[in-house]
There are 2 protein chains.
Amino acid sequence: MPLEIRPSQALRLWRQVHLDLVRDGESDLSARQTAILLTIYLELPPHTVRGLAAQLGVTKPVITRALDSMGKLGLVTRRRDETDRRNVVIQRTVAGALAVERLADCVVERAREIGAT
Amino acid sequence: MPLEIRPSQALRLWRQVHLDLVRDGESDLSARQTAILLTIYLELPPHTVRGLAAQLGVTKPVITRALDSMGKLGLVTRRRDETDRRNVVIQRTVAGALAVERLADCVVERAREIGAT
DNA sequence: CGGTAATGATACGGGTCCGTAACGATCGGG
DNA sequence: CCCGATCGTTACGGACCCGTATCATTACCG
């Protein structure tokens, strides 16, 4: 069954979740970083810099820098692929999984509230 | 009726819309700018710098700068309040309304696709 | 081996945003 | 009328991010 949502509901949901993100101030992730983080945690591994760059339609340095900053936040980790040492495998972390889960809960909760149209 | 959505669906929706925003590259709005824009277009006018700052829990310069950049994109306009010339009233624009509508359509469309869980 | 291709990281110049602090303009009460 | 309070803006120093171009490392193939 399709997930039905009207435009006005979509906008209120989008606004409310963004308000939560801004107010908590914890994430500080740009749209690109958010897309990268969720791709890592939703799509099947392994993830590489090149693969992420292709999926997002951005250049490789964008991915490298995003991984740098998200790594500093403990949201992801990098490791050399021993079978092909040119590759770098991006790995998930507990902190990253928790952050993703928190985001999901926020969206779910705000969607529930919006039901009272 | 409440808007029911499961955490895994919420995450896929969040990711997919962010992917769209990144790939189109047209918006380039930060989380704060998005929250400001949607507040202006969803909440009842009049909107002031101070009011927006209070709602978002940020400082006034953040609002001023966001209005500068969004104004440059044609998404909002400012005008002096003639009854109290200290105030500045933030006004909507056609381009801004279209951008908000486009975002809503994107969310609605991606939500519909996610139904096939 | 040697040379080419591919991967991820880095250097650089430019732009944007942040928070604090200060500023000019305007209102309003004593 | 003047002085404090309020409003939005600007200045400043620092941090982050972007895209292009380049680099070092590693793999592969003749």
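Chain A is the first sequence line, chain B the second, and so forth, proteins listed ahead of strands; every chain is numbered from 1. On a predicted model such as this, the values are computed, not experimentally measured, just so you know.
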Tell me which of I63(A) and R50(B) sits closer to the 5' end of DNA chain D, going by the nucleotide each one is nearest to.
R50(B)

Please state how far atom CZ in R65(A) lies from atom P in dT10(C), giving the value in whole angstrom units.
11 Å

How many Å lie between CZ on R85(A) and P on dG8(C), as a whole number?
13 Å

Using whole Å, report how far CG of L67(A) lies from P of dC18(D).
11 Å

What is the nucleic acid contact for V58(A), judged by heavy atoms within less than 4.0 Å: base, sugar-phosphate only, or nothing?
nothing

For W14(B) and L103(A) the tightest heavy-atom approach is CD1-CD2, 3.5 Å

Between CG of D81(A) and C1' of dG8(C) the distance, given in whole Å, is 12 Å

Using the rule given for side chain to side chain contact (heavy atoms under 4.5 Å, CB included), can you reason through D105(B) versus R102(B), listing the C-alpha separation, both sets of side-chain angles and the distance that settles it, and then say yes or no?
CA-CA 5 Å; D105(B) 289 343; R102(B) 214 160 34 231; 5.7 Å; no

Measure from the side chain of P61(A), starting at C-beta and using heavy atoms only, and say which of dT10(C), dG19(C), dA27(D) lies closest.
dT10(C)

Side chains of Q55(A) and T39(A), donor plus acceptor under 3.5 Å
no

Taking only side-chain nitrogens and oxygens of R78(B), does any of them come within less than 4.0 Å of OP1 or OP2 of dC7(D)?
no

Can you tell me how far C1' of dT9(D) sits from CG of L52(B), to the nearest Å?
15 Å

Tell me the interatomic distance from I36(B), atom CD1, to dG8(D), atom P, rounded to whole angstroms.
13 Å

Closest to side chain of Q33(B), choosing from dG8(C), dG8(D), dC17(C):
dC17(C)

Figure out the NE2/C1' separation between H47(A) and dT7(C), and round it to whole Å.
18 Å

Report the residue (E82(A) or S69(A)) whose heavy-atom-nearest nucleotide on DNA chain D is the more 5′ of the two.
S69(A)

Taking the side chain from R92(A) and the backbone from I40(A), do they hold a donor-acceptor pair closer than 3.5 Å?
yes

Between dA15(D) (C1') and D68(A) (CG): distance, integer Å:
15 Å

Which part of the nucleic acid, if any, lies within contact of T48(A), taking any heavy atom under 4.0 Å across all strands shown: a base, the sugar-phosphate backbone alone, or nothing?
sugar-phosphate

From dG8(C), dT26(C), dA11(C), nucleotide with atom closest to D84(B) side chain:
dT26(C)

Per nearest nucleotide of DNA chain C, the residue lying toward the 5' end, R80(B) or K60(A), is K60(A)

Where the side chain of R80(A) meets the backbone of R85(A), is there a donor-acceptor pair that is under 3.5 Å apart?
yes

Given dA27(D), dT7(C), dT6(D), which nucleotide is nearest the side-chain atoms of R86(B)?
dT6(D)

From C-beta outward on T64(A), which listed nucleotide comes closest to its side chain: dG19(C), dG8(C), dG19(D)?
dG8(C)

